[in-house]
Amino acid sequence: MAALGTARAWADAWVSVRISGFSPTSVSINVGETVYFVVADDNGPYCVQSTIGAWTPWYLFDNGDGFGITINERGDYYYRDTFTGHTGVIHVGTGSVNVPPSVTITSPAEWEVFTEPAAFTFSATVTDSDNGVAAVEFYVEANLIDTLYTGPFSTQVTNLAAGSYTLTVVARDTASATATASVQITVLPSTTPTISMSSPRVVAGQFQFEAAGLTVGKQVVLEATTNPGSSGTWTPLETNVVASATVTFSTPALPGCRLFRLLQLP
């Protein structure tokens, strides 16, 4: 993509390197053209480095030192001087269109469920059809947990607390194009919740129960039996996906003796 050359007398664009910064800070060229950097003072050293690894960092020391970069893919190429912190950009226009990388998360699977403290391998397959892969970033929610520059693109997540999480991989190629993939996972608490039921009361011909300690978003089933022994058959009466930790259940008040129970599904 970017070819480095030794100092030479011609260029399609020129950038002066000074203690005060690059001049100009932005240049525009076409695909296959060359930008030439040259030191214009005696305050070196300087190090012109691509922010995405598009070229090997180039060290310049004395007034007149220089190097050329020929760029063969369109895009915006940001760079900086690692000694002064000054930045600049090369805009590369007409020519072949850069194809973004392709990224697929291979682990964990979409909607996979873990138990806290969750630990698992977070990995992805990343390819690029026309350029090399510059960097692959791994995020848990908005938190960057790892950046890899060469494959295999795999890292470890540890000690993740209970909750729902979005895992994201961002892949970047050497021409600054990016691609993103995400999956959702759930981490369950390590302890089983304690669910309680109030004594039933009769309201308008209905038995009513209050259940407390439920997990929001979980499915719960109210069951009843007339024979609580080991051979008793439990009959489902009502199924809900709960929206709060406390829910009221109702069922017809039938003659006879019945035992009720409430199950929260995983």
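Interatomic distance, Asn30 CG to Ile71 CD1, rounded to the nearest 0.5 Å: 11.5 Å. Atom CG of Asn143 is separated from atom CD1 of Ile145 by 9.0 Å, given to the nearest 0.5 angstrom. Here CD of Gln184 is found 8.0 Å from OG1 of Thr168. Values are rounded to the nearest 0.5 Å. In this structure, Leu263 CG and Lys218 NZ are separated by 14.0 Å, a value rounded to the nearest 0.5 Å. The distance from the OG1 atom of Thr70 to the CH2 atom of Trp55 is 11.5 Å, given to the nearest 0.5 Å.
Side-chain contact between Val247 and Val220: absent, with no pair of heavy atoms (C-beta onward) separated by less than 4.5 Å. Under the 4.5 Å side-chain criterion, counting only non-hydrogen atoms from C-beta, Pro57 is not in contact with Thr82. For the pair Thr239 and Gln219, the minimum side-chain heavy-atom distance is below 4.5 Å. Leu262 has its side chain within reach of Ile195: a pair of non-hydrogen atoms, C-beta onward, lies under 4.5 Å apart. Contact check for Tyr79 versus Ile69: no side-chain heavy atoms found under the 4.5 Å cut-off. Between Phe67 and Tyr59, the closest side-chain pair of non-hydrogen atoms is not below 4.5 Å. At a threshold of 4.5 Å between non-hydrogen side-chain atoms, the residues Leu222 and Met197 count as touching. Between Leu167 and Val157, the closest side-chain pair of non-hydrogen atoms is not below 4.5 Å.
Thr115 and Ser190 form no side-chain donor-acceptor contact under 3.5 Å, judged by distance and modelled atom types alone. A donor and an acceptor atom, one from each side chain of Ser123 and Thr106, are located under 3.5 Å apart.
Under the 4.5 Å side-chain heavy-atom criterion for Ile, Leu, Val, Met, Phe, Trp and Tyr, Val221 and Phe249 are members of distinct hydrophobic clusters. Connection of Val140 to Ile185 is established within a shared hydrophobic cluster, with ILVMFWY side chains joined at heavy-atom distances below 4.5 Å, either directly or through further cluster members. No path of Ile, Leu, Val, Met, Phe, Trp and Tyr side chains, each step under 4.5 Å between heavy atoms, connects Val170 with Tyr165, placing them in separate hydrophobic clusters.
When all heavy atoms are compared, the tightest approach of Pro117 to Asn159 is CB-OD1, 3.2 Å. The nearest pair of heavy atoms linking Leu237 to Ala224 is CD1-CB, 3.5 Å. Summarising the geometry of Val133 relative to Asp128, their closest heavy-atom pair is CG2-CB, 4.1 Å, with the distance given to 0.1 Å. Summarising the geometry of Pro101 relative to Asp173, their closest heavy-atom pair is CD-OD2, 3.8 Å, with the distance given to 0.1 Å. Smallest separation of non-hydrogen atoms from Ala181 and Val103: CB-O, 3.7 Å. Here the shortest heavy-atom pairing between Ile105 and Val183 reads CD1-N, 4.0 Å.
Take Tyr139 and apply the ring pair (Phe, Tyr, Trp, His ring centres under 6.0 Å) test, not counting sequence neighbours, and it matches no residue. Not counting sequence neighbours, the partners of Phe114 by the ring pair (Phe, Tyr, Trp, His ring centres under 6.0 Å) test are Phe120.
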Enumerate donor-acceptor pairs with a distance under 3.5 Å from any side-chain N or O in residues 147-156 to protein atoms, sequence neighbours excluded.
{"from": "Thr155", "atom 1": "OG1", "to": "Asp146", "atom 2": "OD2", "distance (Å)": "2.8"}
{"from": "Gln156", "atom 1": "OE1", "to": "Thr121", "atom 2": "OG1", "distance (Å)": "3.4"}
{"from": "Gln156", "atom 1": "NE2", "to": "Thr121", "atom 2": "OG1", "distance (Å)": "3.1"}

Side-chain polar contacts of residues 37-52 - donor-acceptor pairs under 3.5 angstrom, sequence neighbours left out - could you list them?
{"from": "Asp41", "atom 1": "OD1", "to": "Asn43", "atom 2": "N", "distance (Å)": "3.1"}
{"from": "Asp41", "atom 1": "OD1", "to": "Tyr46", "atom 2": "OH", "distance (Å)": "2.8"}
{"from": "Asp41", "atom 1": "OD2", "to": "Ile19", "atom 2": "N", "distance (Å)": "2.8"}
{"from": "Asp41", "atom 1": "OD2", "to": "Asn43", "atom 2": "ND2", "distance (Å)": "3.3"}
{"from": "Asp41", "atom 1": "OD2", "to": "Tyr46", "atom 2": "OH", "distance (Å)": "3.0"}
{"from": "Tyr46", "atom 1": "OH", "to": "Ile19", "atom 2": "N", "distance (Å)": "2.9"}
{"from": "Ser50", "atom 1": "OG", "to": "Ile52", "atom 2": "N", "distance (Å)": "3.2"}
{"from": "Ser50", "atom 1": "OG", "to": "Gly53", "atom 2": "N", "distance (Å)": "3.2"}
{"from": "Ser50", "atom 1": "OG", "to": "Ala54", "atom 2": "N", "distance (Å)": "2.9"}
{"from": "Thr51", "atom 1": "OG1", "to": "Tyr78", "atom 2": "O", "distance (Å)": "3.2"}

Tabulate below the donor-acceptor pairs under 3.5 Å that side-chain atoms of residues 199-216 make, not counting sequence neighbours, or state none.
{"from": "Arg201", "atom 1": "NH1", "to": "Glu210", "atom 2": "OE1", "distance (Å)": "2.6"}
{"from": "Arg201", "atom 1": "NH1", "to": "Glu210", "atom 2": "OE2", "distance (Å)": "3.3"}
{"from": "Arg201", "atom 1": "NH2", "to": "Gln208", "atom 2": "OE1", "distance (Å)": "3.2"}
{"from": "Arg201", "atom 1": "NH2", "to": "Glu210", "atom 2": "OE2", "distance (Å)": "3.0"}
{"from": "Gln206", "atom 1": "OE1", "to": "Thr251", "atom 2": "N", "distance (Å)": "3.4"}
{"from": "Glu210", "atom 1": "OE1", "to": "Ser198", "atom 2": "OG", "distance (Å)": "3.4"}
{"from": "Glu210", "atom 1": "OE2", "to": "Thr248", "atom 2": "OG1", "distance (Å)": "3.1"}
{"from": "Thr215", "atom 1": "OG1", "to": "Gln264", "atom 2": "NE2", "distance (Å)": "3.2"}

Before you tell me yes or no, could you show the steps for His86 and Arg80 under side chain to side chain contact (heavy atoms under 4.5 Å, CB included), namely the whole-Å CA-CA distance, both residues' side-chain angles and the distance that decides it to 0.1 Å? CA-CA 6 Å; His86 294 302; Arg80 65 189 298 268; over 6 Å; no
Run the side chain to side chain contact (heavy atoms under 4.5 Å, CB included) check on Tyr77 and Val35 step by step: do they pass? CA-CA 11 Å; Tyr77 296 81; Val35 177; over 6 Å; no
Does the pair Asp81 and Val17 meet the rule for a side chain to side chain contact (heavy atoms under 4.5 Å, CB included), with working shown? CA-CA 9 Å; Asp81 174 23; Val17 183; 5.5 Å; no
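Counting only distance, with no hydrogens or angles, the side chain of Asn240 and the backbone of Val242 share no donor-acceptor pair below 3.5 Å. A donor-acceptor contact shorter than 3.5 Å links the side chain of Glu141 to the backbone of Thr166. Judged purely by atom type and a 3.5 angstrom limit, Glu137 has no side-chain atom pairing as donor or acceptor with the backbone of Val169.
Within the hydrophobic cluster formed by Ile, Leu, Val, Met, Phe, Trp and Tyr side chains joined at under 4.5 Å, directly or through other members, Leu254 stands alone, with no partner residue.
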